[in-house]
Colleague: 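One structure, as C-alpha cells, below. Some questions next.
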Amino acid sequence: MQQRAMPMEEGKDPGAGAGAGGIRTSQYKAMPLRLLQLFVLFLAFSITFAVISIYTIRHFGIYYSVMDTVKSSFQPCLEEPNGLEQWIKPPSNLIHTMSDKELLWRASFTSRIKQYPFKRVPKIAFMFLTKGPLPLAPLWEKFLKGHEGLYSVYVHSLPSFHSDFPPSSVFFGRHIPSQVSEWGRMSMCDAERRLIANALLDISNERFILLSESCIPIYNFSLIYHYITKSKYSFTGAFDDPGPFGRGRYNENMAPEVNITQWRKGSQWFEVNRKLAISIVQDTTFYPKFEKFCRPACYVDEHYFPTMLSIEASNQLANRSITWVDWSRGGAHPATFGRSDITDEFFKRLAGKQHCTYNNKNSTMCFLFARKFAPSALEPLLHMSTKYLGY
C-alpha cells in the first residue's frame with residue numbers, strides 16, 4: 001500500500017499531470033493559429049480599404065480636391081498680371097540691373113500698329129545729363145508744378161553721386177543707373193542713349209528732350225508742351241560745316257556707312273520724337289564707326305546724332321535746336337550767367353526778335369530753353385520768373 005502511495009504523493013497523480021501537459025501543448029498550438037487568423041483578417045481589411053479608397057479617388061475626385069486645397073494654401077506672394085497693364089504701366093522704380101546692351105534691346109521694342117488700344121496722354125521726357133547736383137531744381141519744380149501726368153523726369157549723373165531730394169520733389173527717385181561720361185567722347189553719347197532708353201520704357205513718353213543742369217525753361221509749361229507735342233518735326237540741328245570744325249573732323253574710315261557729304265554737325269542739346277528715339281537706341285550701323293573713328297579733336301557728341309538722323313530721317317528734322325546759348329564771348333564753351341547777369345535787360349535780350357520756321361511757317365518763337373546758368377543765378381531767376389518766364 002505504501003509503495004503504491006508514494007508515487008502518487010510524489011507525482012500528484014501521474015495521470016492528472018499528463019493531462020495538464022497535453023492541455024498546455026494544445027494551447028500553445030492554438031495561440032499562433034489565432035494570431036495568424038487575426039493577421040490575415042487585418043490584411044484582408046487593409047486591402048479592402050485600399051481598393052475602396054482607390055475606387056473613390058478615381059470616381060469622385062477626392063484626390064484632386066485635396067490637391068487643390070493644398071495648392072490654394074501655397075499661393076505666391078506676387079502674381080504676374082496677364083492683362084495689358086503690364087505693358088503700358090511705366091516702371092515704378094528706375095533702378096534696374098540691365099546692362100546697356102540689355103537696356104537698349106528692351107527699349108527698342110515697338111508696336112507695328114500705330115493706333116493705341118487704350119487712352120494715351122503723350123508726355124514729354126525731360127532728360128537731365130549732369131555730373132551731380134541740380135542747383136536749379138527749385139526753378140524746375142516751379143515750372144512743372146500742377147502738370148503731373150504730362151511729363152516724366154530722368155537724371156543721369158556720375159555713379160558716385162547720391163541725391164538727397166525729398167519725396168515731394170519731382171526729382172525724387174528719378175536717377176537712372178549711370179556710368180562715367182566724358183565730354184567729347186563716345187561715353188557722352190552712351191549716357192544720352194541710356195537716358196533715352198530708360199525714358200522709352202514708359203510708353204506714354206512721346207517727346208524726349210536732353211537738358212543739362214545749367215538749363216532753364218524760358219516759357220511756362222503749357223506753352224512749351226503745346227509747342228513740342230504739336231510739332232511735325234524733331235528739333236535736332238544737323239548742318240554741313242565745310243570748315244575745320246565740321247568736315248575737317250571727318251575720317252575717311254567712316255565710309256561707306258558715312259561719306260563726307262553726309263557728315264553733319266549740330267548742338268548736343270536735342271529734342272526727338274518717339275520714332276527717332278527708337279532709331280537712336282537700336283542703331284548698330286553708325287555707332288561702331290563713330291566709336292572707333294570720331295575721337296578728339298572730333299567731338300562725337302556734336303556729330304553722331306546729327307549725322308545718323310540726317311541720313312536716316314532728314315525729312316523729320318526741323319534742323320535747329322530749341323535751346324538758346326550765347327557764343328558771343330568766344331571760346332570752346334558758351335557764356336555762363338550768374339547772379340549779376342539776371343537783370344531786366346537780360347530777359348529782354350532773351351525774348352528778343354527771333355526768326356525761324358515752325359511747322360513750315362515763319363515764327364518768332366524759336367527757343368524754349370536756355371543755358372548756361374550758374375547756381376548763383378537761382379535766386380534772381382526765382383524772383384523774376386513769374387514776370388518774365390510765366391511761371
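Bear in mind that the values here come from a model prediction, so they are computed numbers and not experimental data.
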Colleague: Does anything in residues 357-372 pair up under salt bridge (charged side-chain N to carboxylate O under 4.0 Å, His left out), and if so which pairs, sequence neighbours excluded?
Modeller: none
Colleague: Which distance, rounded to the nearest 0.5 Å, do you find between the CZ of F270 and the CD1 of I322?
Modeller: 11.0 Å
Colleague: What's the separation between atom NE2 in H355 and atom OG1 in T364, rounded to the nearest 0.5 Å?
Modeller: 8.0 Å
Colleague: Looking at every heavy atom in both T285 and P288, which two are closest together, and how far apart are they?
Modeller: O-CD, 3.6 Å
Colleague: Are W269 and L136 co-members of a hydrophobic cluster defined by side-chain heavy atoms under 4.5 Å apart?
Modeller: no
Colleague: Could you tell me if the side chain of L139 sits less than 4.5 Å from the side chain of F373, heavy atoms only?
Modeller: no
Colleague: Mind checking the CG-OH spacing from L195 to Y154? Nearest 0.5 Å is all I need.
Modeller: 10.0 Å
Colleague: For a 4.5 angstrom cut-off between non-hydrogen side-chain atoms, does F347 reach I342?
Modeller: yes
Colleague: Do any N or O atoms from the side chain of S310 and from the backbone of T307 form a donor-acceptor pair under 3.5 angstrom?
Modeller: yes
Colleague: Side-chain heavy atoms nearer than 4.5 Å, only ILVMFWY residues, links allowed to pass through others: does that put F165 and V153 together?
Modeller: yes
Colleague: Considering non-hydrogen atoms only, spot the tightest contact between I196 and V281 and give its length.
Modeller: CG2-CG1, 3.8 Å
Colleague: Would a distance-only check, ignoring hydrogens and angles, find a side-chain to backbone donor-acceptor pair under 3.5 Å from E192 to L210?
Modeller: no
Colleague: Listed by chain and number, what are the salt bridge (Lys or Arg N to Asp or Glu O under 4.0 Å) partners of R320, not counting sequence neighbours?
Modeller: none
Colleague: Stepwise, does the side chain to side chain contact (heavy atoms under 4.5 Å, CB included) test hold for Y287 with V300?
Modeller: CA-CA 10 Å; Y287 182 93; V300 67; over 6 Å; no
Colleague: Quick one: which residue pairs count as a side chain to side chain donor-acceptor pair (under 3.5 Å) with a foot in residues 159-185, not counting sequence neighbours?
Modeller: E141-S169
Colleague: Within the side chain of R193, is there an N or O that forms a donor-acceptor pair under 3.5 Å with the backbone of I280?
Modeller: yes
Colleague: Take the angle between the ring planes of W324 and F337 and call it parallel below 30°, perpendicular above 60°, tilted in between.
Modeller: parallel
Colleague: Do F286 and L317 belong to the same hydrophobic cluster, where Ile, Leu, Val, Met, Phe, Trp and Tyr are linked whenever their side-chain heavy atoms lie under 4.5 Å apart, directly or via other members?
Modeller: yes
Colleague: Could you tell me whether F128 and F171 have their ring centroids closer than 6.0 angstrom?
Modeller: yes
Colleague: For the residue pair I224 and I124, what are the closest heavy atoms and their distance?
Modeller: O-CD1, 4.4 Å
Colleague: With heavy-atom distances below 4.5 Å as the criterion, would you say the side chains of M365 and L223 are in contact?
Modeller: yes
Colleague: Check whether Y299 and I260 end up in the same hydrophobic cluster, where Ile, Leu, Val, Met, Phe, Trp and Tyr are linked by side-chain heavy atoms less than 4.5 Å apart.
Modeller: yes
Colleague: Using side-chain hydrogen bond (donor to acceptor under 3.5 Å, both in side chains) as the criterion, list what pairs up with R349, not counting sequence neighbours.
Modeller: D326
Colleague: Tell me, do F369 and L211 make a side-chain contact under 4.5 Å, heavy atoms counted?
Modeller: yes
Colleague: Would you please classify the geometry between the F221 ring and the F126 ring as parallel, tilted or perpendicular, with 30° and 60° separating the classes?
Modeller: tilted
Colleague: Kindly indicate whether the side chain of T357, heavy atoms from C-beta on, has any atom under 4.5 Å from the side chain of N362.
Modeller: yes
Colleague: What pair of heavy atoms forms the shortest contact from A199 to N205, and how long is it?
Modeller: O-ND2, 2.8 Å
Colleague: Can you find a pair of side-chain heavy atoms, one from V272 and one from F305, that are under 4.5 Å apart?
Modeller: no
Colleague: My understanding is that only residues two or more places apart in sequence, or in another chain, count here; which of them pass side-chain contact (heavy atoms from CB on, under 4.5 Å) with N93?
Modeller: I95
Colleague: Which donor-acceptor pairs under 3.5 Å do the side chains of residues 375-391 make with protein atoms, sequence neighbours left out?
Modeller:
from, atom 1, to, atom 2, distance (Å)
S376, OG, R339, N, 3.2
E379, OE1, R339, NH1, 3.3
E379, OE1, R339, NH2, 3.1
S385, OG, K142, NZ, 2.9
S385, OG, L382, O, 3.3
S385, OG, Y391, O, 3.0
T386, OG1, K142, NZ, 3.4
T386, OG1, Y391, O, 3.4
Y388, OH, D344, OD1, 2.6
Y391, OH, P217, O, 2.7

Colleague: Look at the rings of W263 and H303 and say which category their plane angle falls in: under 30° parallel, 30 to 60° tilted, over 60° perpendicular.
Modeller: parallel
Colleague: Between Y358 and Y227 (side chain of the first, backbone of the second, donor and acceptor by atom type, cut-off under 3.5 Å), is there such a pair?
Modeller: yes
Colleague: Tell me if the CD atom of E252 is crowded by more than 12 foreign heavy atoms within 6.0 Å.
Modeller: no
Colleague: Any chance you could pull the hydrophobic cluster mates of L201, using side-chain heavy atoms under 4.5 angstrom and chaining through other members?
Modeller: M98, L103
Colleague: Could I get the full list of side-chain hydrogen bond (donor to acceptor under 3.5 Å, both in side chains) partners for S214, not counting sequence neighbours?
Modeller: S212
Colleague: With salt bridge (charged side-chain N to carboxylate O under 4.0 Å, His left out) as the rule and sequence neighbours excluded, what pairs involving residues 270-296 come up?
Modeller: R207-E271, E257-K289
Colleague: If you look only at pairs with a residue in residues 109-129, which of them pass as a salt bridge (charged side-chain N to carboxylate O under 4.0 Å, His left out), with sequence neighbours excluded?
Modeller: R120-E206, K123-D202
Colleague: For N273, enumerate each residue passing the side-chain hydrogen bond (donor to acceptor under 3.5 Å, both in side chains) test, keeping only those at least two apart in sequence or located in another chain.
Modeller: none
Colleague: Keeping S108 on the side-chain end and W105 on the backbone end, is there a donor-acceptor pair under 3.5 Å?
Modeller: yes
Colleague: Check whether any side-chain N or O of S321 sits under 3.5 Å from a backbone N or O of T323 as a donor-acceptor pair, and report yes or no.
Modeller: yes
Colleague: Same hydrophobic cluster for L129 and W140, using side-chain heavy-atom links shorter than 4.5 Å among ILVMFWY?
Modeller: no
Colleague: Just by modelled atom types, is the S157 backbone N or O under 3.5 Å from a matching donor or acceptor in the T130 side chain?
Modeller: no
Colleague: Can you tell me how far the CG atom of L84 sits from the CZ atom of F118, to the nearest 0.5 Å?
Modeller: 6.5 Å
Colleague: Measure across L276 and S234 and return the closest heavy-atom pair with its distance rounded to 0.1 Å.
Modeller: CD1-OG, 3.5 Å
Colleague: Determine whether a donor-acceptor pair (N or O, by modelled atom type, separation under 3.5 Å) exists between the side chain of N259 and the backbone of Q262.
Modeller: yes
Colleague: Are Y233 and N360 linked by a side-chain donor-acceptor pair shorter than 3.5 Å?
Modeller: yes
Colleague: Tell me the closest heavy-atom pair linking G237 and N319, and the distance in Å.
Modeller: C-OD1, 3.6 Å
Colleague: Can you pull the salt bridge (charged side-chain N to carboxylate O under 4.0 Å, His left out) pairs that have at least one residue in residues 86-106, sequence neighbours excluded?
Modeller: D100-R194
Colleague: Are Y225 and H147 side-chain neighbours, meaning at least one heavy-atom pair lies under 4.5 Å?
Modeller: no
Colleague: I need the single residue from D241, D240, T261 that forms a side-chain hydrogen bond (donor to acceptor under 3.5 Å, both in side chains) with R247. Which is it?
Modeller: D240
Colleague: To the nearest 0.5 Å, how far apart are OG1 in T236 and CG in L309?
Modeller: 6.0 Å
Colleague: So, taking the atom named CD1 in I216 and the one named CG in L368, what distance separates them when rounded to the nearest 0.5 Å?
Modeller: 12.0 Å
Colleague: Within the structure provided, determine whether M254 and F290 are in side-chain contact (heavy-atom separation under 4.5 Å).
Modeller: yes
